[in-house]
There are 2 protein chains.
Amino acid sequence: MSEVAAPLFHRAAVIGIGLIGSSLARAMKEYRLADSVVCCDRSVEACEAALRLGIVDAASPDLSAMLDGADLVILAIPVGGYAALADELGPLLRPGVILTDVGSVKQTALRDLAPAIPDGVHFIPGHPIAGTEHSGPEAGFAELFQGRWCILTPPPGSNDAALAKLIALWEACGSKVEVMEPAHHDQVLAITSHLPHLIAYTIVGTASDLEEHTKSEVIKFSASGFRDFTRIAASDPIMWRDVFMNNKEAVLEVLQRFTEDLTALQRAIRWGEGEKLEAHFTKTRAIRRAVIDAKQA
Amino acid sequence: MSEVAAPLFHRAAVIGIGLIGSSLARAMKEYRLADSVVCCDRSVEACEAALRLGIVDAASPDLSAMLDGADLVILAIPVGGYAALADELGPLLRPGVILTDVGSVKQTALRDLAPAIPDGVHFIPGHPIAGTEHSGPEAGFAELFQGRWCILTPPPGSNDAALAKLIALWEACGSKVEVMEPAHHDQVLAITSHLPHLIAYTIVGTASDLEEHTKSEVIKFSASGFRDFTRIAASDPIMWRDVFMNNKEAVLEVLQRFTEDLTALQRAIRWGEGEKLEAHFTKTRAIRRAVIDAKQA
């Protein structure tokens, strides 16, 4: 948001230049948060796109070359790819480097990465609560994080200075920062993010299995509620596959609660219990008001 | 949208001056679709609000007074109120009057109203696929119907001229009009509108049952998917109670399909079947593209 006098970092390396990675690269360049911003992506096309878009100073699939001299490394790939990258990543990190990520699940980020991180490297996982249904380097924009929360989950004994620098980074991007336990993060996000996405994917999938004629009408008349679900269900499939594979317990638990509640409403519909439906539909309005009051609407 | 040389109607009476009724009243006045626009609402406060907002020429809870001289009567109350109104409404309708409604369920609209409609009155149910999560006369706006579909479900033997006038009315409001069978309407809307609303009401209800501390975090981090559901789940409780009570069979049927699909995804998560999740999440993107192509996004 605001430009800083001296950049927070010398060389910031973003690994994975998708929606979040490219938005962060743009923000770091635009707000001058690092002397240079580089990216590494296994896709040559994505690297070329990042260079063409002018959002990084260098880009290459060569991890070693991109991490050379970096004092900030940001992992912005689907969380399912962390374990496979860990052994390659670890030896490339010099003491004093700050490593963070932007993944949607935090317990497995620690599980998959921490063992491979050398002593002296400051690994502090993070998760910006921001995004759109679009993917790839072209989809990013510097303002994505403005007014949004970013959750950091520092492991016990984390370096205070490193944490302070990451907080400064996110605040400079316009975010509000919250620090919490990884397990708590995964539980809260299972409700606010993972379950809503699973439900949206389900309902859009149910519609896409309809016979062609009805399906075309569903699309035609989608403004009546359905279209909001199609937006959510257009999010990146790999990213979301990995979220559900990595936050299984919390998602299954909240899904069980959801199914019980849906079954109760279904029963009220079947038995014509209008007063139960009305009471439920009235209760949910209070949550909307709270979301508006919290300026998250 | 466009002003017409001679108004389509002499006196248009809107019964129920909520979001849809007041939007239609505004549109009819702004686009000069009737010489005068009046409204009847059992709430004196709503009538006073309509007069204060200047969206009607007259307003009163007295149905007989408001319908006197009306050649167009638009029912814009929750569908659960149709049956109770039918016996009072019928004798007030003169031959030649066009009666329509804006309710979300069309089979029960016909069931509850048709027997009380005198011969010579042209009853053609309708349903504009438009709305917001806000309620009441203040929430309406003339542009609500622009670019949106309106479905008309004329019973067999409907008067062609009356149907043509209703089509002209909605097109003048900026809508595209589709004519279909009531049963088919109820089936399509169960998928595009009723199921999405039920799901949103459920998930927001599940969240509102959480302990206070977690609930406040759900609200704080709602931008990650949950907030879109809170908007839908803030819709009018009485209207939606009536929708589910009146489109029970179609809703229960599509809900059964949804539950089967959700159970399949739940099982894939439990057993770590990533390829199944990815295939499903990829499939749903095509529907989003179709919604965008249909200019309904």
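To find a chain, count down the sequence lines: A is the first, B the second, and so on, and within it residues start at 1.
Between B:Phe221 and A:Glu178 the shortest side-chain heavy-atom distance falls below 4.5 Å. B:Val105 is not listed as a side-chain neighbour of B:Met245, based on a closest heavy-atom distance of 4.5 Å or more.
If you measure heavy-atom distances from B:Leu262 to chain A, the contacts under 4.5 Å come from both the backbone and the side chain. With a 4.5 Å cut-off on non-hydrogen atoms, B:Arg148 touches chain A through its side chain but not through its backbone. Heavy atoms closer than 4.5 Å to chain A are found in the side chain of B:His184, but not in its backbone. Proximity to chain A (any heavy atom under 4.5 Å) is shown, for B:Ser216, by neither the backbone nor the side chain. Heavy atoms closer than 4.5 Å to chain A are found in both the backbone and the side chain of B:Glu133. For B:Ser208, the parts lying near chain A are the backbone and the side chain together; criterion is any non-hydrogen pair under 4.5 Å. With a 4.5 angstrom heavy-atom cutoff, B:Ile269 touches chain A via backbone and side-chain atoms both. Using a 4.5 Å cut-off between heavy atoms, B:Trp240 contacts chain A through both its backbone and its side chain. Using a 4.5 Å cut-off between heavy atoms, B:Ile151 touches chain A through its side chain atoms alone. Residue contact with chain A, scored on non-hydrogen atoms closer than 4.5 Å, is absent for B:His185. For a residue to count as touching a neighbouring chain, one of its non-hydrogen atoms must lie under 4.5 Å from one of that chain's; by this rule B:Asp236 touches chain A with backbone and side chain alike.
Here the OG1 atom belonging to B:Thr153 is positioned 5.5 Å from the NZ atom belonging to B:Lys106, to the nearest 0.5 angstrom. With rounding to the nearest 0.5 angstrom, the CD1 atom of A:Ile77 is 12.5 Å from the CE atom of A:Met239. Between the CG atom in A:Leu24 and the CG atom in A:Leu19 there is a gap of 11.0 Å [rounded to 0.5 Å]. Interatomic distance, CZ of B:Phe281 versus OG1 of A:Thr202, reported as 7.5 Å (0.5 Å rounding).
For chain B, the option among A:Gly272, A:Ala207, A:Ala286, A:Ala200 with the highest count of heavy-atom pairs below 4.5 Å is A:Gly272. When each of A:His197, A:Arg257, A:Arg270, A:Lys283 is scored by its heavy-atom pairs under 4.5 Å with chain B, the top score falls to A:Arg270. When B:Leu195, B:Leu210, B:Asp261, B:Asp209 are compared by the number of non-hydrogen pairs under 4.5 Å with chain A, B:Asp261 comes out ahead. In terms of heavy-atom pairs under 4.5 Å with chain A, the best-connected choice from B:Ala290, B:Gly274, B:Ser104, B:Ala294 is B:Gly274. Interface summary for chain A: among B:Glu278, B:Glu217, B:Lys220, the most heavy-atom pairs under 4.5 angstrom belong to B:Lys220. In terms of non-hydrogen atom pairs under 4.5 Å with chain A, the most contact-rich of B:Leu277, B:Leu265, B:Val291, B:Ile292 is B:Val291. Your options are A:Leu255, A:Val254, A:Asn247, and the one with the most heavy-atom pairs under 4.5 Å with chain B is A:Leu255. Note: A:Ser235 leads A:Ser235, A:Ala130, A:Ala264 in heavy-atom pairs under 4.5 Å with chain B. Among B:Leu198, B:Thr214, B:Val251, the residue making the largest number of heavy-atom pairs under 4.5 Å with chain A is B:Leu198. The candidate from A:Thr282, A:Ile203, A:Ile199, A:Val188 with the greatest count of non-hydrogen atom pairs under 4.5 Å with chain B is A:Ile203. With chain A as the partner, the residue from B:Arg241, B:Gln266, B:Arg285 showing the most heavy-atom pairs under 4.5 Å is B:Arg285.
The six-membered or imidazole ring of B:Tyr201 lies away from that of B:Phe244, with a centre-to-centre distance of 6.0 Å or more.
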With side chain to side chain donor-acceptor pair (under 3.5 Å) as the test, would you mind laying out the steps for A:Thr263 and A:Arg267 before giving the verdict?
CA-CA 6 Å; A:Thr263 303; A:Arg267 194 176 184 283; over 6 Å; no

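What you find for B:Arg26 and B:Pro137 is that their closest heavy atoms are NH1-O, 3.0 Å. Pairing each heavy atom of B:Gly21 with each of B:Ala76, the nearest pair is CA-CB, 3.8 Å. Scanning all heavy atoms of the two residues, the minimum distance from B:Pro125 to B:Thr100 falls at C-OG1, 3.8 Å. Taking all atoms of both residues into account, the shortest heavy-atom contact from A:Ser22 to A:Gly140 is OG-CA, 3.3 Å. Looking at every heavy atom in both residues, A:Asp101 comes nearest to A:Gly103 through OD2-N, 3.2 Å.
Between B:Glu212 and B:Lys215 there is a salt bridge, since a side-chain N of the basic residue sits under 4.0 Å from a carboxylate O of the acidic one.
Using modelled atom types, one finds no donor on one side chain facing an acceptor on the other under 3.5 Å when comparing B:Tyr82 with B:Asn246.
At a heavy-atom separation below 4.5 angstrom, chain A is approached by B:Ser224, B:Gly225, B:Phe226, B:Arg227, B:Asp228, B:Phe229, B:Thr230, B:Arg231, B:Ile232, B:Ala233, B:Ala234 within residues 224-234 of chain B.
Taking the salt bridge (charged side-chain N to carboxylate O under 4.0 Å, His left out) definition, one finds that A:Lys176 meets it with nothing, sequence neighbours left out.
At most 12 heavy atoms of other shown residues, nucleotides or ligands fall within 6.0 angstrom of atom CD in B:Glu181.
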